[in-house]
Amino acid sequence: MKNVVWPYKAKFSVKWILLALFASSSLVSGCSMSVAQPPVAEQNADLLDADDDGVINARDECADTPYNAVIDNNGCSEVLETVARDDLHILFANNSVKIPPSFRSEVDDLARFMNKFPQTKVQLKGYASPVGSAELNLALSNLRAQVVEKALLRKGIAPNRVQIMGFGESEPVVTTSQKQTEILSRRVTASVVNKQKSVIKKWTIYTSS
């Protein structure tokens, strides 16, 4: 048995070919070949960092941050506050304005403190025991404060940094015995406080501590 292959000849009409070409050209011409440009966002915020602290100007609440300072999220440096204090307490003998040798170190310590912190000032408060006339005790308390003032001036403290005030017998030290009250009330006291604020620096390999 023989396999018979019948030849097939496709016959295309010229008319149909032209119509197909016209349709395809119409489809191509109807589609745009250009790509639309993406929208450009308008930037209004200040993205610069004028003080170079890592926080842009638009968010920076502290415009002049010190160099190499530790900062918070608002661009402000972190500050450490230190407080130093020195208290003076000198007792006097009855009717005396002489600083006893055992209390001279009180003057030395206060003078040393005030020289270390030259912006500090002190008020020396003089007192007397509740014995004798109030007028005499007021004068005695002022003289005691003046003696301590002169001792500070000899240590190099400027006069405009020292103020004296006498309280007489108005503020006695209350104890369980009259004698003890008299001893502790004959006094000169003072308290000097120095507060300093310093910017915390970032740690580097050159940081000493």
Side-chain angles (χ1 to χ4, degrees), residues 62 64-70 76-203 206-209:
C62 299
D64 298 318
T65 304
Y67 173 72
N68 205 33
V70 175
C76 297
S77 56
E78 296 187 12
V79 176
L80 176 67
E81 184 179 79
T82 56
V83 179
R85 179 189 180 104
D86 187 83
D87 296 320
L88 175 140
H89 195 103
I90 299 174
L91 298 181
F92 292 81
N94 188 36
N95 289 326
S96 173
V97 295
K98 183 179 180 181
I99 299 175
S102 58
F103 286 98
R104 289 173 186 170
S105 60
E106 292 283 312
V107 178
D108 296 338
D109 291 342
L110 181 57
R112 190 179 303 111
F113 183 89
M114 295 184 69
N115 282 321
K116 182 178 180 180
F117 303 107
Q119 70 276 14
T120 56
K121 295 184 179 182
V122 64
Q123 183 184 69
L124 301 172
K125 300 177 181 180
Y127 301 89
S129 59
V131 176
S133 68
E135 183 179 359
L136 176 62
N137 287 333
L138 180 60
L140 191 59
S141 65
N142 273 291
L143 288 174
R144 287 169 175 165
Q146 288 177 12
V147 167
V148 178
E149 177 190 27
K150 291 177 180 178
L152 286 174
L153 298 186
R154 288 194 296 268
K155 299 290 182 179
I157 306 302
N160 62 346
R161 297 177 60 196
V162 183
Q163 181 185 12
I164 64 171
M165 183 172 293
F167 291 87
E169 59 184 55
S170 62
E171 297 182 22
V173 177
V174 179
T175 66
T176 56
S177 69
Q178 179 66 24
K179 185 176 181 180
Q180 190 76 2
T181 294
E182 293 175 4
I183 293 173
L184 297 179
S185 296
R186 300 188 292 262
R187 69 199 189 275
V188 170
T189 64
S191 294
V192 182
V193 177
N194 180 75
K195 294 183 179 181
Q196 283 185 322
K197 292 183 178 181
S198 57
V199 175
I200 301 176
K201 297 291 186 177
K202 295 179 181 178
W203 186 92
Y206 302 105
T207 303
S208 59
S209 60

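Numbering starts at 1 and runs along the sequence shown. Scope of the values below: all heavy atoms of this structure, side chains included, with no hydrogens, waters or symmetry mates. The structure presented is a predicted model; accordingly, all values stated were derived computationally and were not measured.
- Side chain of S191 to backbone of D87: no donor-acceptor contact under 3.5 angstrom is found.
- Taking every heavy atom of both residues into account, S141 and G168 meet most closely at OG-N, 2.9 Å.
- Rounding to the nearest 0.5 angstrom, the gap separating the CD atom in Q180 from the OG atom in S129 is 12.5 Å.
- Under the 4.5 Å side-chain criterion, counting only non-hydrogen atoms from C-beta, V147 is not in contact with R144.
- Between the OG1 atom of T189 and the OH atom of Y127 there is a distance of 4.5 Å, given to the nearest 0.5 Å.
- Checked by atom type and distance alone, the side chain of N142 never pairs as donor or acceptor with a backbone atom of G126 at under 3.5 Å.
- Closest heavy-atom contact between P172 and T181: CB-CG2, 4.3 Å.
- Put simply, the side chain of S185 gets close to the backbone of V173: a donor and an acceptor are under 3.5 Å apart.
- Shown here is Q119, whose CD atom has more than 12 heavy atoms of other residues, nucleotides or ligands within 6.0 Å.
- Put simply, CG on L143 and CD on Q146 are 5.5 Å apart, with the number rounded to the nearest 0.5 Å.
- The heavy-atom pair separating K121 from N160 by the smallest distance is CE-O, 3.9 Å.
- Among all heavy-atom pairs drawn from P100 and I90, the shortest one is CD-CG2, 4.2 Å.
- Between L124 atom CG and L110 atom CG the span is 7.0 Å, to the nearest 0.5 Å.
- Shortest non-hydrogen contact noted between E169 and P130 is CB-CA, 3.9 Å.
- In terms of modelled atom types and a separation under 3.5 Å, the side chain of R187 and the main chain of H89 share no donor-acceptor contact.
- Annotation: the span from E149 atom CD to I164 atom CD1 amounts to 5.0 Å, rounded to 0.5 Å.
- Q196 places no side-chain N or O within 3.5 Å of a backbone atom of T82 that could act as its donor or acceptor partner.
- Scanning for side-chain contact (heavy atoms from CB on, under 4.5 Å) contacts around N95 gives L140, with sequence neighbours left out.
- The two residues I99 and R104 have their closest heavy-atom pair at O-NE, 4.0 Å.
- F103 meets the ring-ring contact (aromatic ring centres under 6.0 Å, His included) test with no other residue; sequence neighbours excluded.
- Taking NZ from K155 and CG from D109, the interatomic distance works out to 10.0 Å, rounded to the nearest 0.5 Å.
- At least one cation-pi condition fails for R186 and F92: the charged atom is not both under 6.0 angstrom from the six-membered ring centre and inside a 45 degree cone around its axis.
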